[in-house]
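Chain A is the first sequence line, chain B the second, and so forth, proteins listed ahead of strands; every chain is numbered from 1.
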Amino acid sequence: MLDRDQMRRNTPIFPMSSAMKLTGLTARQIRYYESLSLVTPERTPGNHRIFSMNDLDLLLTIQDYMEKGFTMKRIGEILNEPKRIDTPEVLKHNDYRKPLLNRGDLSRFFQ
DNA sequence: TTTCTAACA
DNA sequence: TGTTAGCA
């Protein structure tokens, strides 16, 4: 239902400067998270990253985990392990933001 | 001017 | 993580 919204949310439009302002993270951090495959923003022909709203939301989720004391390593495992396929194609077939189980409470099991 | 990668303090 | 160098 309303596939248009999901498409919009997965449409890459924000440059690094916007991602930084919207998430409060530094470019260094964002690039580092990408190197760990926590986020996979699109690229322009000039190799510049372009983030979608979903990318930013994911960045915010990562931030949330960090505040709960998670290690980047563990955050990576949590976000990837359960075969979390976040490609635009797959997301289109899943409800946007469908809570992947219990987010914040996972800290009690892993922390 | 902004972002990118790589690498060092 | 911060920061900087050298490109595109």
5'-most contact on DNA chain C: A/G46 or A/M72, nearest heavy atom basis? A/M72
Examine B/dT3: is either OP1 or OP2 under 4.0 Å from a nitrogen or oxygen in the side chain of A/R49? Give yes or no. no
Specify the separation, in whole Å, of atom CD of A/Q29 and atom P of C/dT3. 12 Å
Using Watson-Crick pairs (N1 to N3, plus N6-O4 or O6-N4) and G-U wobble pairs, both distances under 3.5 Å, which stems of at least 3 pairs involve DNA chain B? B:4-8 with C:2-6
Pick the closest DNA chain B nucleotide for A/R28 and for A/F51 by heavy atoms, then say which residue is nearer the 5' end. A/F51
Note: A/L59 and A/L25 closest approach over all heavy atoms is CG-CD1, 3.7 Å
What is the distance, rounded to the nearest whole Å, between atom CD of A/E42 and atom P of B/dT3? 18 Å
Hphob cluster co-occupancy, A/I50 + A/M20, side-chain heavy atoms under 4.5 angstrom: no
Within the distance-only criterion (no hydrogens, no angle test), does the side chain of A/D55 pair as donor or acceptor with the backbone N or O of A/S52 below 3.5 angstrom? yes
Candidate nucleotides C/dG2, B/dT5, B/dT3, ranked by approach to the side chain of A/T26 - the nearest: C/dG2
Mind calculating the distance between CD1 (A/I30) and P (C/dT1) to the nearest angstrom? 11 Å
Find the distance A/H48:NE2 to B/dT1:P and express it as a whole number of Å. 15 Å
Using whole Å, report how far CD of A/E34 lies from P of B/dA6. 12 Å
Return yes if a side-chain donor-acceptor contact under 3.5 Å exists between A/T61 and A/D64, otherwise no. no
Spatial distance of atom CG (A/L79) from atom CE (A/M72) [nearest 0.5 Å]: 8.5 Å
Are any of the side-chain nitrogens in A/R43 or A/E34 under 4.0 Å away from the carboxylate oxygens of its partner? yes
Taking OP1 and OP2 of B/dT5, is either one under 4.0 Å from a side-chain nitrogen or oxygen of A/Y32? no
Hey, what do you get for CD1 (A/I75) to OH (A/Y65), rounding to the nearest 0.5 Å? 8.5 Å
Would you please confirm or rule out a distance under 4.0 Å between OP1 or OP2 of B/dT5 and any side-chain N or O of A/R43? yes
If I take atom CZ in residue A/R31 and atom P in nucleotide B/dA6, what distance separates them, rounded to the nearest angstrom? 12 Å
